[in-house]
Number of protein chains: 2
Amino acid sequence: MSQRKISRAVIKRLPRYYRYLGDLLDMGVERISSGELSQQMRVTASQIRQDLNNFGGFGQQGYGYNVRYLREEIAKILGLNTEHNMIIIGAGHLGTALANYNFEKNGFKTISLFDINPDLIGRTVRDIPIRSIDDLPEFLRENPVDIATLCLPKAKAKDIAQLLIDNGIKAIWNFAHTDLNLILPKDVVVENVHLSESLMRLSYTLKSRQQGEEE
Amino acid sequence: MSQRKISRAVIKRLPRYYRYLGDLLDMGVERISSGELSQQMRVTASQIRQDLNNFGGFGQQGYGYNVRYLREEIAKILGLNTEHNMIIIGAGHLGTALANYNFEKNGFKTISLFDINPDLIGRTVRDIPIRSIDDLPEFLRENPVDIATLCLPKAKAKDIAQLLIDNGIKAIWNFAHTDLNLILPKDVVVENVHLSESLMRLSYTLKSRQQGEEE
DNA sequence: TAGATTGTTAATCGATTAACAATC
DNA sequence: TAGATTGTTAATCGATTAACAATC
C-alpha cells in the first residue's frame with residue numbers, strides 16, 4: 001500500500017499542516033473545516049483538501065476534520081510515529097546547537113556527535129557524547145542510526161558523506177554548503193539546509209520590496 | 001528599472017547558481033555554457049537560460065557565460081554587493097551558533113545579539129555583544145539594522161516581531177516555530193527557517209524510499 | 001565563414017483553484 | 001430533512017522543457 005508518487009510540493013506543506021493542527025489542539029479545538037483552516041494558514045481550502053486526499057479521506061462531509069485524528073494521521077505519513085536515531089557529524093557551533101534542539105518530541109533522538117578535534121572528543125553535549133570520527137564505522141555497526149546530520153565545512157562534507165553511505169546510512173540532513181548529489185546511491189536521501197542561501201533569498205526579497213514591487 | 005514580478009521558484013534557485021559559480025571560480029574556470037552547468041547542477045540548460053534571462057542577457061552566443069561576470073551579476077541581483085547589518089534576537093544555542101557563522105563573506109554582518117536572560121547580557125560572542133532586549137528600541141534608533149534574526153521560543157516570537165516592526169525593522173529571518181504572517185505590514189519581509197519541518201520532510205522521504213518508491 | 005550557444009517563443013507538463021455531486 | 005462540508009473532477013494557471021532563429 002505504498003502511496004503513489006506524491007508531489008514534492010505537497011510533502012513540503014505537510015509539516016506545516018502538522019504544526020497548525022498541533023497549535024489548534026493546544027487551543028482545545030476539536031474539529032476544523034478546510035475553510036477555517038485555510039483562513040488561518042492563508043492557503044486555499046481547495047489545496048488543503050487536495051493535499052490531504054493524496055493520502056486518504058480524513059474528513060467527514062458536513063463536519064470537517066477531527067483535529068486530533070488528522071494530526072495523528074499526518075504524523076504517521078511523515079513517519080513521526082517511529083523513533084529515529086540521529087548522529088551529528090561536526091561538533092562545532094551549529095552541530096552543538098542542533099544537539100541541544102528539542103527534536104525528541106517528534107521522535108528524533110540524537111545519540112552521538114562526532115568530530116575530529118581531539119579537544120572535543122570525550123566531551124558531552126546534553127549528556128550526548130562526542131566521539132572521534134575514527135570510531136564512526138564501529139559505532140554504526142553497533143548502533144541503529146537512521147539519520148546523519150552533516151555540520152561540517154564543505155571541503156570535508158563529501159568524504160564524510162561517502163563514509164556514512166559506505167557504512168549503511170540512508171538519510172543525510174545536510175547543513176554543509178555543498179550538494180551531495182554526485183555520489184549518491186539511489187536509496188540514500190538527502191535534505192539540504194543551506195542557511196546562507198536562505199539569507200540571500202531574504203536579502204533579495206527585501207531589496208525588491210524596497211524597490212516598490214507588489215506581491 | 002525594478003524587475004518585473006520574478007517567480008518565487010526562480011529566486012529560490014539563484015543562490016544555488018551563485019554557489020556553483022563560486023566553486024567554478026575557485027577551480028579556475030573562466031567560462032561555462034548553460035549545457036555544462038546544467039550537467040553539474042542536474043537541472044536543464046533551458047531552465048538556466050530562462051532563469052537568467054529574467055534579469056538580463058548575461059551570456060554571449062557561441063561562447064556561453066563568463067563565470068566571474070555572471071557571478072557578480074547574480075550577487076547584485078541578490079543584494080550581496082551591499083553590506084547588511086544584522087541583529088540576532090535570542091542568544092541561546094542557535095542564536096550563538098548563527099553569530100559564529102561566517103555570513104560576513106556575503107556581506108551580512110551581525111552587530112549585536114539580544115536576550116532577556118541577565119546571565120547572558122553583557123557577554124560577547126566573537127566580540128559581538130549580547131544586549132538586553134530592553135535596549136532594543138534605543139539600539140535600533142542609533143544603529144542601522146537591515147535584518148533581524150529571530151531565534152527564540154514560539155511563545156515569544158510574535159511579540160518580539162511586533163516590537164521589531166514597530167521600531168522599523170523591514171526584514172526578519174525567522175527560526176521560531178511559528179508563522180509571523182498574521183501581524184505583518186506589507187513592507188516587511190520574512191524568510192522562515194523551520195528546522196524541524198525540514199527534518200520531517202527528510203523522515204518522509206526516507207520512509208517512502210524504503211517502501212520502494214522510485215523518484 | 002562555420003560552429004556553438006545564447007535568448008526567446010512555443011509546447012508541454014504539473015500544480016493550483018474552482019465547481020459541484022456525494023454524503024454525513 | 002436541510003445544511004454543511006468533504007472528496008473529486010474539470011478548468012485554469014504557472015512553471016518547465018523543447019525548439020529554433022538570432023548572433024557572437
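Values below: all heavy atoms of this structure, side chains included; hydrogens, waters and symmetry mates excluded. Naming convention: chains lettered A, B, ... in sequence-line order (proteins, then strands); numbering from 1 in each chain. Note that the coordinates shown come from a computational prediction; the quantities given were computed from them, not determined experimentally.
- Annotation: proximity of residues 26-52 of chain B to DNA chain C (heavy atom, distance under 4.0 Å) is found for B:S33, B:S34, B:R49, B:Q50, numbered in ascending order.
- Ion pairing between A:K12 and A:E191 fails under the 4.0 Å rule for side-chain N and carboxylate O.
- With rounding to the nearest 0.5 angstrom, the CG atom of B:L94 is 8.5 Å from the CD1 atom of B:I88.
- A donor-acceptor pair shorter than 3.5 Å cannot be found between the side chains of A:N54 and A:Q50.
- For the residue pair A:Y65/A:R31, the side-chain donor-acceptor check at 3.5 Å is not satisfied.
- In this structure, OH in B:Y18 is found 5.0 Å from CG in B:L80, a value given to the nearest 0.5 Å.
- Aromatic ring centres of B:F108 and B:W173: separated by at least 6.0 Å.
- For DNA chain C, the outermost nucleotides in 5' to 3' order that have an atom under 4.0 Å from a heavy atom of chain B are C:dA4 to C:dA10.
- For the residue pair A:D146/A:N85, the side-chain donor-acceptor check at 3.5 Å is not satisfied.
- Each end of the helix from C:dG3-D:dC24 to C:dC24-D:dG3 yields a helix axis from five base pairs, and these two axes differ in direction by 10° (to the nearest 10 degrees).
- A 6.0 Å sphere centred on CD of A:Q162 holds more than 12 heavy atoms belonging to other residues, nucleotides or ligands.
- For the pair A:Y63 and B:G56, both in contact range of DNA chain C, the more 5′-proximal nearest nucleotide belongs to B:G56.
- Judged by distance alone, the side chain of B:S112 and the main-chain N or O of B:I87 form no donor-acceptor pair under 3.5 Å.
- Of the residues B:N117, B:L152, B:I116, the one that meets the side chain to side chain contact (heavy atoms under 4.5 Å, CB included) test with B:I133 is B:I116.
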